[in-house]
Amino acid sequence: MRDEDERKVLEKEWKRWEETTLRDALASHPERRKEFVTTSSRPVKRLYTPLDLAGKTEKDLGAPGEFPFTRGIHPTMYRGRLWTMRMFAGYGSAEDTNRRFKYLISHGETGLSVAFDMPTLYGYDTDEPEAKGEFGTCGVAVSSLEDMKILFRGIDVAGVSTSMTINSPASVIWAMYLVMAEDRGVAWTKLRGTIQNDILKEYQAQKEWIYPPEPSMRLVVDTFEFGSKQVPGWNTISISGYHIREAGATAAQELAFTLANGMEYVRWGIDRGLKVDDFAPRLSFFFNAHNDLFEELAKYRAARRIWAREMRDTFGAKSPRSWLLRFHSQTAGVSLTAQQPEINIVRTTIQALAAVLGGTQSLHTNAYDEAFQVPNEKAARIALRTQQILAHESGVANTVDPFGGSYFLEALTDELEADAYRYFDRIQDLGGVIPAIRKGFFQQEIANSAYRYQREVEDKERTIVGVNDYVVDEQTDVEPLRVTEAAFKAQVDRLRRLRRTRDAKKHARALDRLGKACEADDNTMPFILEAVRAKATLGEICDVMREVFGVWEEPLLY
Amino acid sequence: MEVIYTGLRQTPEDIVEAAIQEDVDAIGLSSLSGAHMTLFPEVVRLLRKRKSGDIVVVGGGIIPEEDKAKLKRAGVKAVFGPGTSLSDIVSFFEKAGKGA
Amino acid sequence: MREPVPAKASRDSVRGLVESLLEGDKRSAGKLISLIEDDEPEAVEALARIYPHTGRAHVVGFTGPPGVGKSSLINRLVRTFRSRGKSVGVVAVDPTSPYTGGAVLGDRIRMADTGVDSGVFIRSMATRGHAGGLALATFDAVRVLDAMGSDLVFVETVGAGQSEVEIASRAHTTVVVEMPLTGDVVQTMKAGILEIGDVYVVNKVDLGNEDVLVANLKFQLETRDGWTPPIIRTAALEGRGIDDLAGAIDKHALYLDQSGGRHKRELARARLEILENVQRLLVHRVSEGSRSGRTFDKLAEDVATRRIDPHAAAGKLLRSGPATER
C-alpha cells in the first residue's frame, strides 16, 4: 500500500517536471534528433527516474558475490585482484609468436592468449593445398606437437594461464598442449587455461567449422568429461558472444544467443550422464565490449543474472560455483576503422571501460592497427597500456559495480534480460539451438541487424567518426607486419621431417584406433592424446574425423 | 542480378572451374586472412589460361594500399577496402554487367 | 573496364561453340547454356545444332521439399558414379526473388568437392519467374550437357510449386526425397507425390524416427507398369545409403530399356515439348508480333469494356493473320 502511494507521488512530481521545466526548455531548445538509440538501435528515453525501478528490490540485484550476481561474482571484485590482462597474440611461426608472448609478459601481461592461423582453425596442416597463402597471416600455425613445444619454449606453463582460441579442432590442439606439458613433467592438475571450443557460435556467426553439429557437440562434451576428471583447472569451453556480435548482432542478440548456446552445452553434458555441478564450474564465457557504454554494462549484468537463475532453477545446480558466469571480454574489432586508425585507441579505451565496469574476469584490448592486420609490437603495447591506465589511474577499480542503482542502467539491464527471454522462446519454438541453426535462424537474425546498421551508417543516420563524418584525406600510416617466406619454409621443413622420422607403425595404429573410437561411442580424448603422442599432425587427425563425421555445409540465406 | 555463392575456403581452381561452368560476368573474391596476394592473381592467371580472361575479377577485404596497386597490375579490376559503401559496389557490378 | 562486347557469347560463333561442346569443352557448354537461359536469338540455332547429338544421357530428376538434402545427396551420388567412370552433369535450380528479380544460388556449396573433377559439370539456374519452380531453360540446358557427352544428367528442383510434376514428365528417372520429421507431428506427403516417383529416398536417417515414414510410404506406393518404386534410406552428409540409391537408379534405367518404357517416356516428352513450343510461338506471335500486336491491343480493349468475351477474342486473334515464325 505504501509503495503504491509513493509511486503516485513520484508520478505526479515527474509529470509536473515534464509540464513545466521540460516543456519550457524544449520550446526554446529543441532536441538534436527525434529519437535517440543505442549502438544496437535500442531507443533510449530522455530521462530515467526512480519510476523505472518500480517493483525492483535489492533481491533482483543481489549483493556482490551473492545470487543472482547482478553486481559481480566476487564480493570485493577488483579491490581483491585486478582482472587478468590477456592479450590475444599470434602470427607467423611458433618461434615468432613465442617471442611476442615473452615481450607481452615482460610488459606486464598476466595471461597468455593464442591466436591461430586460418589453416589451423580449419584443421589443416601448413603444407596442405587448402592452406595456401594463409600461413601465419592472422595467427600462429600449429600443425603438430613440435610447433606447440616451440610456442611455449621458455614459458612456465605451470605458472601461467593460457587461453586458446580454437574451436572445431579444439580437442586436438588441447591434446597437443597437454602432451607438451606432460613431456616437460608438468602435471595436468597444475595447468590452468581455456580452450574456446564453442562450436555452436561457429555455425551461427564465425563460420570456422569442420564437422556437422551433432558430432561436433560430442567432441565438446568429450572434453567436458575428460577435463572434469583429468585437468580440473582448465576451462573446457569459452561460450562466446564475441563473434556473434562481431558478425553484426545487437547487444541483445549477443546476450541471448550466447546464453542459449550455454544452456545447450549444459543439456548435452547432462545427457551424457555428467553431473551438472561436476562440469558447470568449468564453463566460461566470452563477451564483446562495444561502443555503447551503458548498453554493454547492462548486457554483462543481465548475463550474470540469467545464468545464475537458469543454472540454479532450470538445471538444478546445487553448487554456487555452477551459478557463476565468469567471462573474458575483448573490445570490438568490428568498431575499428581503417580511416584515421589512431583514433581506435580512444574507441578501445571506452570499450575496455565498459568491460571493467561490467565486472569482467579478463580482458583483451585491441590494438589500433587491427583494422589492417595482426598488431605490430608498438600497437600491442599501447593496447596493453590502456588496460593498465584503467586499472591504476582511472579509479574505476576502487569500488564494486560503481553504476549499480543507476536508474538508466538498471532499466536497461531489465530490458536486455526480457529481450533474451523472448529469444529463448523463439529458439525453443524452432525446436532448440541446433534445429534453429539448420533453419538459418541465428544467421538470418544477425544478418538483418548487420544490414540495418550498415544502412544507417551509409544513410548517415549514424555518425562514425572518420568514416562518414569528420573525414580527412590522408594516407594511413600503419607499419605492415609481414610473414616471411623463410618462416613458412622452416615450418614446412619441420613438418616433413616429423612425418619422415616418426614411428610409422605407431602412428598408423594410433590414427586407426582414433577412427574406431569416433565410430563408436567412446570418449575421443584419450585416443586423440595417443595420436598426438604418436606425432600425428593436426591435419591427419582432423582427416580421420572428417572421414567418420562428414563435413558441415551451411544453410543458405536469401 | 544472380549471385552464385560457392561457399567458404575455395581454392583458385575451384573458383575458376565454377566461373566457367556458370559462365559468369564477374568473380568477387573476399579475403580477410592476408592470402590475397597469393590467391587473387592466381585466379586471374587460371582464367586467362582457360580462355576466360574476359571475366571481371574483383576483390575485397583487408588489403594494404601497396598491395592494391600490385593486384591491379596483376589483372584484378577493383579492390574494395574497408569503408566502401554498398552502393559503390553495386554500381561497379552494374557497369561491369553492361559492358558484357 | 573491358571493351564493349555486343552479346554475351557471340564472339564465339554458335557453330564453333557447338563443335567444341561436342568435343567436351566446358567453357562452350557454359556459354551455350547462357545463350539459352538469356533467350538470346542464337539460342534457336544452338538448340537445333545440338539436338541431333542428344538422347544418350540418362536424365534423373530430384524433387522434395526445401532443406531435405537434395544437393548433398546429389553431391554424394556424383562421387559414386564418378568412381565407376561415368561422367555427370548437374543442373541445380534455385528460386528467383519475386521482389528483386535477382537470386542467390547456393546449391554449388554442397557440391563443392566435385566441382573441379573433369568428368563433372554443375550449372546453377534461377527460376526467373517461371511458375512451375523449374527454370524455363532447364531442360534445354540438360540437352547441352547430354550433347557434351554426360552419361548422366541430374536435375535438382527447388522443391516448391509444381516442379515435381514437371520434372516427372521429362526425366527418365524421378527421385523423390523426403526426410523424417522429429517430434510429435503427423507427417503428411504433398499431394500427388506418391504418383510421380520412380525411386523414393528417406534422407537424414541419422535423425532417427524414419521407420514411420518408410512404413507409410511402403503402404501407399503402388506398382505401375511392372515397376515398384523402391524406398532407399540415406544419410547424405555421412554418405550412408548412397550406393543403394545409385543401384536403384541403375535398376530403373535397365527397367526402362527392357520394358520399352524409355521410348514411351521419350514420346510423351516429345508431345509435351511440341505443344509447349506451339504455345510459346503462338503467344509470341499474338502478344509481340508487330501486326497482331495492334489487333491484340484492340481486342484487349474490347474484352475489358465487355464488348466481346475473352473466348471469342482469342478465336479472332488466331484467325487474324498468317502464322509467321519470328
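Hydrogens, waters and symmetry mates play no part in the numbers below; they use all other heavy atoms, side chains included. Note on naming: letters A, B, ... go to the chains in the order of the sequence lines (proteins, then strands), and numbering restarts at 1 for each one.
Atoms CH2 and CG, on Trp209(A) and Leu8(B) in that order, are 5.0 Å from each other to the nearest 0.5 Å. Here the straight-line distance linking atom CD of Gln454(A) with atom CG of Leu86(B) works out to 5.0 Å at 0.5 Å rounding. If you take NE2 on His36(B) and CD on Glu134(A), they are separated by 11.5 Å, rounding to the nearest 0.5 Å.
Shown here is Glu547(A), whose CD atom has no more than 12 heavy atoms of other residues, nucleotides or ligands within 6.0 Å. Within 6.0 Å of CZ on Arg452(A) lie more than 12 heavy atoms contributed by other residues, nucleotides or ligands.
Using a 4.5 Å cut-off between heavy atoms, Asp88(B) makes no contact with chain A at all. In this structure, chain B has a heavy atom under 4.5 Å from the side chain of Tyr124(A), while its backbone stays farther away. Of the two parts of Glu458(A), only the side chain, counted from C-beta on, holds a non-hydrogen atom closer than 4.5 Å to a non-hydrogen atom of chain B. There is no contact between Phe135(A) and chain B, counting heavy-atom distances below 4.5 Å.
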